[in-house]
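Worksheet for the structure shown next.
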Amino acid sequence: MRRLAWLAVAAFVYVVLAWSVAPGFYDGFGPPQPYNFTCPPPQAGANTKPASGHVDIKVINGVSDANSAYTDDGQMVILFLPGAFDVTGKTTVSVDITPLDTCPKPSGITFVTNVYRITADAPLVKASTVELRYSNLEPDPSDIYLTSDPAGSWRSIGRSTQSQPYVAVTMTSTVGYFAAGYQTASPPPGVVTVGGGQVLPIIVAVAIVIVVLAGLPLAVVRRRRGGAAEDEAD
């Protein structure tokens, strides 16, 4: 009985403290910071324009080094393996990530992230990992899309099922324009949302704590009755 009581108290204290300190309870449930939209939705409130990124990758013994390029706000990352580039005649490889200052709306696709352009001054010869962070204000994207011309056609390059919450991950064998989204013809993918955000896991966790706490008085009453019955029997 005491163990159950201490477990309930610990769960209650954790929820109270976690909700009052960031990131706390929200680790794994939401983005670490507000999303920086190129075209913010009305519910976004105050908005900061998305950042760009740059990296110079060293060429060591004729092979491009393992490295990554990422925007300063961490909303897009691309990871390169050793030898990812054809570095013939080069000593470094320059990679840039730039958010597009417009929001393309290709037919049949709804984007939930900004569109980012990745450029490199050497050809990519090995598949590299792309990570796009998205907002909890938007539906969960089913795919990452790629194009060489944002006004042209976009093609899906998939999305890995193994990723952190609010991060879409896939592999690419070429640079270009990237964005995460879903087919407009189908229902928006993702978990059940409450109040515009993907917070159902939080509500479930709180409900479990409430159930445990609600059961404590009943357990105490039963224990007291059991003790009284034993005393009468004696």
Side-chain angles (χ1 to χ4, degrees), residues 22-23 26 29-56 68-80 94-121 124 128-160 163-172 174-191 193 195-199:
Y26 291 95
F29 290 141
Q33 62 189 43
Y35 192 82
N36 299 328
F37 289 95
T38 297
C39 302
Q43 66 270 32
N47 181 69
T48 301
K49 288 296 183 181
S52 58
H54 173 84
V55 67
D56 290 315
S68 63
Y70 51 88
T71 59
D72 291 342
D73 54 17
Q75 292 186 177
M76 180 163 194
V77 180
I78 183 166
L79 309 170
F80 302 108
S94 179
V95 180
D96 288 280
I97 304 177
T98 307
L100 201 64
D101 58 5
T102 59
C103 300
K105 296 182 179 180
S107 177
I109 303 173
T110 298
F111 290 145
V112 301
T113 67
N114 305 321
V115 175
Y116 289 90
R117 185 187 185 193
I118 300 179
T119 58
D121 62 358
L124 193 62
S128 301
T129 301
V130 170
E131 300 181 357
L132 278 168
R133 186 166 68 85
Y134 56 95
S135 171
N136 62 331
L137 300 178
E138 299 284 2
D140 192 42
S142 59
D143 296 277
I144 291 179
Y145 294 86
L146 169 67
T147 187
S148 59
D149 178 5
S153 60
W154 292 75
R155 63 183 177 89
S156 169
I157 53 175
R159 178 188 174 182
S160 172
S163 63
Q164 298 178 1
Y166 301 103
V167 178
V169 179
T170 192
M171 302 293 291
T172 182
T174 183
V175 296
Y177 294 86
F178 297 83
Y182 59 89
Q183 293 289 329
T184 306
S186 60
V191 300
T193 63
Q198 296 171 343
V199 298

Where do V175 and V95 land on the side chain to side chain contact (heavy atoms under 4.5 Å, CB included) test, with the steps shown first? CA-CA 10 Å; V175 296; V95 180; over 6 Å; no
CA sep, side-chain torsions, deciding dist, call: F80, L124, side chain to side chain contact (heavy atoms under 4.5 Å, CB included): CA-CA 9 Å; F80 302 108; L124 193 62; 4.0 Å; yes
Side chain to side chain contact (heavy atoms under 4.5 Å, CB included) evaluation trace for W154 with V115: CA-CA 12 Å; W154 292 75; V115 175; 3.6 Å; yes
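The shortest distance between side-chain heavy atoms of T48 and Q33 does not fall below 4.5 Å. R159 has its side chain out of reach of S142: every pair of non-hydrogen atoms, C-beta onward, lies at least 4.5 Å apart. Residues P139 and V112 meet the side-chain proximity criterion, which asks for heavy atoms closer than 4.5 Å. Side-chain contact between V77 and R133 is absent, with no heavy-atom pair separated by less than 4.5 Å. Between D56 and S94 the shortest side-chain heavy-atom distance falls below 4.5 Å. Contact check for D73 versus P50: side-chain heavy atoms found under the 4.5 Å cut-off.
Here the shortest heavy-atom pairing between Q75 and N36 reads OE1-N, 2.5 Å. Of all heavy-atom pairs between Y116 and A51, the closest is CE2-O, 4.1 Å. The two residues Y134 and A168 make their nearest non-hydrogen contact at CE2-N, 3.9 Å. Looking at every heavy atom in both residues, I97 comes nearest to I118 through CG1-CG1, 4.1 Å. G158 and D143 get closest at one heavy-atom pair: CA-OD1, 3.6 Å. Here the closest heavy-atom approach between residue P150 and residue P104 is recorded as O-CB, 3.9 Å.
Rounded to the nearest 0.5 angstrom, I157 CD1 and I144 CD1 are separated by 6.0 Å. To the nearest 0.5 angstrom, S148 atom OG is 9.0 Å from R155 atom CZ. Atom SG of C39 sits about 7.5 Å away from atom NZ of K105, to the nearest 0.5 Å. Going from atom CG of L146 over to atom OG1 of T170 covers 9.5 Å, rounded to the nearest 0.5 Å. Interatomic distance, Y177 OH to T98 OG1, rounded to the nearest 0.5 Å: 9.0 Å. The CD1 atom of I78 sits 10.0 Å away from the CG atom of L132 when rounded to the nearest 0.5 Å.
Residues that satisfy the side-chain hydrogen bond (donor to acceptor under 3.5 Å, both in side chains) test with T147, not counting sequence neighbours, are absent from this structure. In this view, Y145 and Q183 satisfy the side-chain hydrogen bond (donor to acceptor under 3.5 Å, both in side chains) rule, not counting sequence neighbours.
Of the N and O atoms on the side chains of T110 and T184, at least one donor lies less than 3.5 Å from an acceptor on the other residue.
With Y35 contributing its side chain and N114 its backbone, the two residues share a donor-acceptor pair below 3.5 Å. The backbone N or O of V169 sits nowhere less than 3.5 Å from a side-chain atom of S160 that would complete a donor-acceptor pair. When atom types are taken as modelled, the side chain of T71 and the backbone of M76 share a donor-acceptor pair closer than 3.5 angstrom.
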